[in-house]
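Everything below concerns the one structure shown next.
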Amino acid sequence: MNIQIYNTLTRKKEPFIPQVEGEVSMYVCGPTVYNYIHIGNARPVIVFDTVRKYLEFRGYDVKFVSNFTDVDDKIIAAANELGEDTSELTERFINAYFEDVSALGCSEADVHPRVTNHIDDIIEFIEVLIDKGFAYESHGDVYYRTTKFDGYGKLSKQSTDELIVGARIEKGEKKDDPLDFVLWKAAKENEVSWKSPWGEGRPGWHIECSAMARVHLGDTIDIHGGGQDLTFPHHENEIAQSEAMTGKPFAKYWMHNGYINIDNEKMSKSLNNFVLVNEIRKQVDPRVLRFFMLSVHYRHPINFSEELVGNAANGLERITTAYNNVKHRLENSADLGDQKDIWMNKIDECKNDFTVAMDDDFNTANGIAAIFELVRLANVYLLEKNTETSVLAYFKTTFDALMNVLGLPFNDAEDLLDTDIEELIEERLEARRNRDFGRADEIRDELVAKGILLEDTAQGTRWRRG
RNA sequence: GGCGGCAUAGCCAAGCGGUAAGGCACGGGUCUGCAACACCCUUACCACCGGUUCGAUUCCGGUUGCCGCCUCCA
């Protein structure tokens, strides 16, 4: 069975067939680095990181490219305000970006190209567009002539007529047509700029992705991703640029993730309700944040609120507890089971359910449901008096495999208790042996106050942090 | 005006032709010295009105209500 991907270009799910068997090229539009990223920015990063991890899980060799827009109006404005060099500013926020997304379990891309490192590629790209008649120079700017490109509007399903009619599109004096968009901007006073055949200036926003995607992934890429709001105009313009340039399809599959709302309202600067990853991850376990985001299908909107994140935390806790209990049993019980195959098969069923879910346009909500099936199964197995090491080990391996795909690895590092706490646990065991339950409960309460929860099992007392 | 999305239990959320997955919360029971973890059980006229069909939450048309894009935006 093939992986199915919902393609914005065709508005339906299609079987995923990469250009080269076994290999996938992916490009995801990255952030403009003039501030810390907010959770809305984080969603596509998490979504496409998960897509990538799943493709790898399915055996594909993925080449993943995600850019940084490190020159643009907002960056220049922010740098001016802070009296800082644009390159210092962007460097700072690129570092912050990596810290934020790695906390959220996202792997680095194979390449993180920056606009400022690709000025030459961009200029060359624009020159070809001019040569082919798709672009024109005007007062030091260069514009793309949208009317020249037949397929303009094919991604967002906008007709050029409607775009013009409906529009709040301004007629720049420099543009021949209101729908034309800028490829190269002439520099204003004191702006960072580069030399070009059209004078000092810098790239427009859309051209960078076309140029960098081509340099790093070739003329046609398999999967191009980004937020829903990029569909128009950004991705539409990328298609216009790239396909005019190469005469080939720019991307086979276009994927777009939905928005995040805050308490049912759109996140926006004017409402001042945006949540920075940098801050929220200090208050909420970043694993919970990621789990929360993956609990909804990537194309649907997701509402962010304290309550919902709290629910997600409880759900993830259930998974983690089951995993840890499997581990505890693995380390503290003899190999006594005798029904190995039945359980192995049941585990395989869960794994299969997970794969079926994820094959269907990366349905992480159903994938997580499959993991909860595995949780229930593991908990039921732990009820058995006699367990087999191989089964327990298979539970653990499967948990690891599936959660790793979702970018939610379990923390397997040895977690040691302070010796005084260990002594208290030992003292409580002694008290229980002597049926001094008063003292035993007293110690348990004392430990709860220190964040240590105890659970008595047939295989001994286990503890966890709570 | 154009393009598009969404409406499923107290909350969140899958399903998209054969009478509703999963999670959180709640209630009842079991396990436990008591707990905790856990297990079992219980909980839905799928926004409304038409149509197609043997059969629709699922397809088509319409209504209502939310929301997004068309301007920088994840």
Side-chain angles (χ1 to χ4, degrees), chain A residues 8 11 28-32 34 37-48 69 72-74 77 153 155-170 179 205 225-234 236 256-261 264-269 274 291-292 295-297 299-303 305 307-319 321-322 324-325 328 353 357 360 363-373 375-376 378-383 432 435-438 440-441 444-445 448 453-458 461-464 466:
Chain A
T8 308
R11 301 281 161 94
V28 176
C29 293
T32 301
Y34 66 105
I37 59 166
H38 59 241
I39 55 170
N41 299 311
R43 169 117 102 144
V45 183
I46 289 172
V47 163
F48 293 107
T69 298
D72 110 318
D73 290 342
K74 279 170 295 193
L155 180 68
S156 55
K157 307 288 183 271
Q158 302 275 348
S159 78
T160 45
D161 294 348
E162 291 302 342
L163 282 169
I164 293 164
V165 171
R168 290 174 269 176
I169 298 172
E170 289 164 35
L179 286 186
W205 174 39
Q228 227 155 48
D229 50 344
L230 295 182
T231 310
F232 189 92
H234 185 56
E236 196 69 71
H256 296 276
N257 63 273
Y259 291 95
I260 290 185
N261 297 321
N264 288 314
E265 279 187 308
K266 186 184 169 172
M267 198 166 34
S268 76
K269 301 255 162 159
F274 58 95
F291 180 76
F292 169 70
S295 68
V296 179
H297 187 90
R299 279 188 280 118
H300 292 178
I302 187 167
N303 197 231
S305 74
E307 188 197 353
L308 295 176
V309 171
N311 286 171
N314 290 344
L316 183 58
E317 173 95 21
R318 178 170 153 83
I319 297 172
T321 302
N324 286 333
N325 290 351
H328 180 262
D353 288 348
D360 183 14
N363 194 327
T364 50
N366 280 341
I368 288 171
I371 291 172
F372 277 114
E373 283 173 40
V375 166
R376 210 198 104 264
N379 285 334
V380 169
Y381 189 64
L382 292 174
L383 249 30
R432 288 185 74 219
R435 304 193 66 78
D436 180 2
F437 297 121
D441 291 350
R444 191 168 59 197
D445 289 345
V448 165
L453 304 178
L454 297 185
E455 292 164 2
D456 300 320
T457 78
T461 295
R462 68 187 176 215
W463 62 272
R464 64 194 171 97

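Note: hydrogens, waters and symmetry copies are ignored here, and every other heavy atom, side chains too, is used. We name chains A, B, ... by the order of the sequence lines, and we start the count at 1 in each one.
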Original post:
Sequence neighbours excluded, which residues qualify as salt bridge (charged side-chain N to carboxylate O under 4.0 Å, His left out) partners of A:Arg299?
Top reply: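 Counting only residues at least two positions away or on another chain, A:Arg299 forms a salt bridge (charged side-chain N to carboxylate O under 4.0 Å, His left out) with A:Asp361.
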Just how far, in rounded Å, is [atom2] of [N] from [atom1] of [X]?
| X | N | atom1 | atom2 | result |
| --- | --- | --- | --- | --- |
| A:Gln228 | B:C69 | CD | P | 10 Å |
| A:Glu317 | B:G23 | CD | C1' | 14 Å |
| A:His256 | B:C70 | NE2 | C1' | 15 Å |
| A:Leu316 | B:C24 | CG | C1' | 13 Å |
| A:Lys157 | B:C69 | NZ | C1' | 14 Å |
| A:Asn257 | B:C67 | CG | C1' | 16 Å |
| A:Leu230 | B:C70 | CG | P | 10 Å |

Give me the distance, rounded to whole Å, that separates [N] from [M] when you measure between the [atom1] atoms they each carry.
| N | M | atom1 | answer |
| --- | --- | --- | --- |
| B:U57 | B:G18 | C1' | 12 Å |
| B:G33 | B:G28 | P | 22 Å |
| B:G4 | B:C12 | P | 28 Å |
| B:U52 | B:U64 | C1' | 23 Å |
| B:A21 | B:C16 | P | 13 Å |
| B:C34 | B:A44 | C1' | 38 Å |
| B:A7 | B:G51 | P | 24 Å |
| B:C48 | B:C72 | C1' | 39 Å |

Original post:
For A:Asp229, which residues count as a side-chain contact (heavy atoms from CB on, under 4.5 Å) partner, sequence neighbours excluded?
Top reply: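 Partners of A:Asp229 under the side-chain contact (heavy atoms from CB on, under 4.5 Å) test: A:Tyr259.
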Subject >> A:Ala440: side-chain contact (heavy atoms from CB on, under 4.5 Å) partners, not counting sequence neighbours >> reply: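 Residues passing side-chain contact (heavy atoms from CB on, under 4.5 Å) with A:Ala440: A:Arg428, A:Ala431, A:Arg432.
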**OP:** Sugar-phosphate atoms are those with a prime plus P, OP1 and OP2; base atoms are the rest. Using that split, label each nucleotide of nucleotides 32-37 of chain B B, S or - for protein heavy atoms under 4.0 Å, 5' to 3'.
**Re:** -BBBBB
**OP:** Summarise protein proximity over nucleotides 8-17 of chain B in one line of letters, 5' to 3': B for base, S for sugar-phosphate only, - for none, counting protein heavy atoms closer than 4.0 Å.
**Re:** ---SSSSS--
**OP:** Keeping the roles fixed (side chain from A:Glu236, backbone from A:Gly153), state whether a donor-acceptor pair exists under 3.5 Å.
**Re:**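 Answer holds: yes.
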With a non-hydrogen cut-off below 4.0 angstrom, is [X] in contact with a base, only sugar-phosphate, or nothing?
| X | result |
| --- | --- |
| A:Gly258 | base |
| A:Phe372 | sugar-phosphate |
| A:Ile260 | base |

**OP:** For A:Asn261 and A:Ile302, run side-chain contact (heavy atoms from CB on, under 4.5 Å): C-alpha distance rounded to whole Å, both residues' side-chain angles, the deciding distance at 0.1 Å, then the answer.
**Re:** CA-CA 6 Å; A:Asn261 297 321; A:Ile302 187 167; over 6 Å; no
Original post:
Hey, does the side chain of A:Arg11 come within less than 4.0 Å of B:G5's phosphate (OP1/OP2), counting only N and O?
Top reply: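 For A:Arg11, the contact criterion (side-chain N or O under 4.0 Å from OP1 or OP2 of B:G5) is not met.
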**OP:** Stems involving RNA chain B: give each as a range paired with a range, ordered by first number, where a stem means at least three consecutive Watson-Crick or G-U wobble pairs under 3.5 Å.
**Re:**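 Only these stems qualify: B:1-7 with B:64-70, B:10-12 with B:22-24, B:27-30 with B:38-41, B:47-51 with B:59-63.
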Quick one: side chain to side chain donor-acceptor pair (under 3.5 Å) partners of [X], sequence neighbours excluded?
| X | value |
| --- | --- |
| A:Asp73 | A:Lys185, A:Arg202 |
| A:Glu307 | none |
| A:Asp360 | A:Lys13 |
| A:Arg318 | none |

Original post:
Mind checking what makes ring pair (Phe, Tyr, Trp, His ring centres under 6.0 Å) contact with A:His328, not counting sequence neighbours?
Top reply: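 Not a single residue meets the ring pair (Phe, Tyr, Trp, His ring centres under 6.0 Å) criterion with A:His328.
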Subject >> ring pair (Phe, Tyr, Trp, His ring centres under 6.0 Å) partners of A:Phe292, counting only residues at least two apart >> reply: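 Per chain and number, A:Phe292 pairs via ring pair (Phe, Tyr, Trp, His ring centres under 6.0 Å) with A:Phe304.
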**OP:** Classify the angle between the aromatic ring planes of A:Phe372 and A:Phe291 as parallel (below 30°), tilted (30 to 60°) or perpendicular (above 60°).
**Re:**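 Geometry flag for A:Phe291 against A:Phe372: perpendicular rings.
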Original post:
RNA chain B: A:Asn261 or A:Lys74, which has the more 5' nearest nucleotide?
Top reply: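 Its nearest nucleotide lies further toward 5', so the answer is A:Asn261.
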**OP:** Name the residue closer to the 5' end of RNA chain B, choosing between A:Tyr259 and A:Asp72 according to the nucleotide with the nearest heavy atom.
**Re:**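 Per heavy-atom nearest nucleotide, the more 5' residue is A:Tyr259.
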Subject >> Residue A:Arg435 excluded, over 12 heavy atoms near CZ under 6.0 Å >> reply: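 Not more than 12 within 6.0 Å, no.
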